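A quick note: this is a predicted structure, and the numbers were derived from the prediction, not measured.
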Amino acid sequence: MTAGMIAPADEPTSAPADPATGSAKTKSRSAGTARYVVKRLGQSALAIFLTLTTVFVLVRMAPGDPAYAMAGPLASSEDIERIRQSMGLDQSIVTQYWKYLQGLLQLDLGTSYSFQAPAFDVVLDRMPYTLTLTVASIGLTTLLAIPLGVWMARRADTRRELGANVLTIAGQSMPDFWTGLMLITLFAVVLPIFPAAGFATWSSLVLPMVTVAILQIALISRMVRREMVGAFSSQYATVARARGVSERKLVWRYALRNSSIPVLTALGTRFASMLNGVVVVEVVFAWPGVGSLVVRALETRDYPLIQATVLVTAVLAVLVQLLVDLCYPLLDPRVRLGKGTS
């Protein structure tokens, strides 16, 4: 049987293990998992810190002056200088960075220039809308992409599978803004079924959710198809068929389980990227989430708001990736999270 696969047949059990030995192994695995989690949290904290530092430098290197954006084109140089002093932009970059780090430790990223409110609070007020859109989109992706990928794998190299491949390639090729505009035209203008913009009722979620999910369904279904085709041609699948295992059981219990880790990794990665990548969709549908907030922050050179947005989305993305890693042993018990284990 090929290494790394889950045996489909019921194997004879060995002699009962020593309870003391089993308890020691369990404690060792728990300690290894705890060390792994602590190590990953340290790496994640470092990654978030470097990300925030990079954003701090880049936004100040970008052209444009926040004081001028707030004062307007008719303001005098004295007015602009006074606004710069009130924002602390007249200080050296080192001093600004030091104050930024002090505020970061207290989760105080300053006051938003455009909202005149704590930037962190402004982002937290908008984050539930982005999370709602992202979770709904990844849920729809999971419900449709996995069965579609399995269906394509079971009909690999047939005319039906060729048609599904054409659709998934088209889904990967369509830009989000174009897909959103087409859905608005069809289902909000020609057939006024769903709202075109905003978030007044839950029906407002349908069009932006489908817009985001189309690309993800195309990507994940093709990955599931590739992994399942490899599983169907493996030695353990041949042995399972020879021993009379039903095709349904082989597909959903064994082949899909052996393909689940790369698929779960892809879903986690797409979810994390969607937290930062729904900006265009939120703008198209006037969705009151973080994406449209970022656009406004960039237009007004709102440094605190940009930094707060990056902090919140980076932390969420890191937590999602850590959760995905911790799910690996649940899918494949041979995967161990700790030093000296595979």
Side-chain angles (χ1 to χ4, degrees), residues 36-67 69-70 83-131 133-135 268-280 282-283 288-326:
Y36 173 81
V37 172
V38 172
K39 180 180 178 181
R40 279 297 309 271
L41 289 176
Q43 294 173 344
S44 301
L46 178 60
I48 293 172
F49 172 75
L50 294 177
T51 301
L52 293 174
T53 300
T54 302
V55 170
F56 176 88
V57 174
L58 291 180
V59 296
R60 283 160 177 78
M61 292 177 59
D65 187 349
M70 287 192 63
I83 295 175
R84 286 180 57 82
Q85 291 177 1
S86 65
M87 292 178 174
L89 299 177
D90 59 324
Q91 301 172 347
S92 66
I93 190 69
V94 176
T95 303
Q96 293 182 47
Y97 183 65
W98 175 247
K99 291 184 177 180
Y100 168 69
L101 292 180
Q102 290 177 329
L104 185 61
L105 294 176
Q106 303 173 5
L107 291 181
D108 180 11
L109 299 180
T111 301
S112 169
Y113 303 154
S114 52
F115 288 90
Q116 291 300 306
F120 193 69
D121 294 342
V122 174
V123 175
L124 290 183
D125 288 341
R126 295 289 192 96
M127 183 53 68
Y129 295 98
T130 297
L131 282 177
L133 177 58
T134 305
V135 172
T269 303
R270 299 310 304 172
F271 181 82
S273 64
M274 284 162 60
L275 288 171
N276 301 306
V278 296
V279 176
V280 175
E282 289 190 359
V283 171
V290 174
S292 54
L293 192 66
V294 171
V295 174
R296 180 171 178 177
L298 292 174
E299 290 175 348
T300 59
R301 304 295 188 271
D302 195 335
Y303 296 163
L305 193 56
I306 295 173
Q307 293 160 177
T309 303
V310 172
L311 172 62
V312 174
T313 55
V315 169
L316 287 175
V318 165
L319 291 178
V320 168
Q321 293 294 341
L322 179 60
L323 181 62
V324 168
D325 288 350
L326 295 178

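The ring pair (Phe, Tyr, Trp, His ring centres under 6.0 Å) pairs that include a residue from residues 291-318 number zero, where partners must be two or more places apart or lie in different chains. Sorted by first and then second residue, the salt bridge (charged side-chain N to carboxylate O under 4.0 Å, His left out) pairs involving residues 51-63 (not counting sequence neighbours) form an empty list. Within the structure, every pair that satisfies the ring pair (Phe, Tyr, Trp, His ring centres under 6.0 Å) test and touches residues 42-67, not counting sequence neighbours, is listed here: F56-Y97, F56-Y100. Annotation: side-chain hydrogen bond (donor to acceptor under 3.5 Å, both in side chains) contacts involving residues 311-323, sequence neighbours excluded, comprise N276-T313. Applying the salt bridge (charged side-chain N to carboxylate O under 4.0 Å, His left out) test to pairs two or more places apart or on separate chains, none has a residue in residues 49-59.
Rounding to the nearest 0.5 Å gives a distance of 9.5 Å between CG of L41 and CD1 of I48. Considering OG1 of T111 and CG of L305, their distance stands at 11.0 Å, rounded to 0.5 Å. Distance check, rounded to the nearest 0.5 Å: OG1 of T51 to CD of Q307 gives 13.0 Å. Between the CZ atom of F120 and the CE atom of M127 there is a distance of 9.0 Å, given to the nearest 0.5 Å. Distance check: L316 CG to T130 OG1 gives 10.0 Å after rounding to the nearest 0.5 Å.
When all heavy atoms are compared, the tightest approach of S114 to D302 is OG-OD2, 2.9 Å. The two residues G291 and V279 have their closest heavy-atom pair at O-CG1, 3.6 Å. Nearest heavy atom pair, residue G110 against residue P304, reads C-CB, 4.2 Å. Taking both residues in full, the closest heavy atoms of L109 and A308 are given as CD1-CA, 3.2 Å, listed atom of the first, atom of the second, then distance.
Every residue two or more places apart in sequence or in another chain that forms a side chain to side chain donor-acceptor pair (under 3.5 Å) with T95 is listed here: S92. Residues meeting the side-chain contact (heavy atoms from CB on, under 4.5 Å) test with V57, sequence neighbours left out: M61. T134 pairs by the side chain to side chain donor-acceptor pair (under 3.5 Å) definition with nothing, not counting sequence neighbours. L319 is linked by a side-chain contact (heavy atoms from CB on, under 4.5 Å) to V315, counting only residues two or more places apart in sequence or in another chain. Under the side chain to side chain donor-acceptor pair (under 3.5 Å) criterion, K39 pairs with no residue at all, not counting sequence neighbours. For the salt bridge (charged side-chain N to carboxylate O under 4.0 Å, His left out) test, no residue two or more places apart in sequence or in another chain qualifies with R270. Contacts of Q43 classified as side chain to side chain donor-acceptor pair (under 3.5 Å), with partners at least two apart in sequence or in another chain: none.
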>> V294 vs I306, test: side-chain contact (heavy atoms from CB on, under 4.5 Å). Steps then yes/no.
In response: CA-CA 6 Å; V294 171; I306 295 173; 6.0 Å; no
> Does the pair F115 and L293 meet the rule for a side-chain contact (heavy atoms from CB on, under 4.5 Å), with working shown?
Replying inline: CA-CA 11 Å; F115 288 90; L293 192 66; 3.5 Å; yes
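The side-chain heavy atoms of V55 and L311, taken from C-beta on, include no pair separated by under 4.5 Å.
Under a cut-off of 6.0 angstrom, the local environment of OH in Y129 is sparse, with at most 12 non-hydrogen atoms contributed by other residues, nucleotides or ligands.
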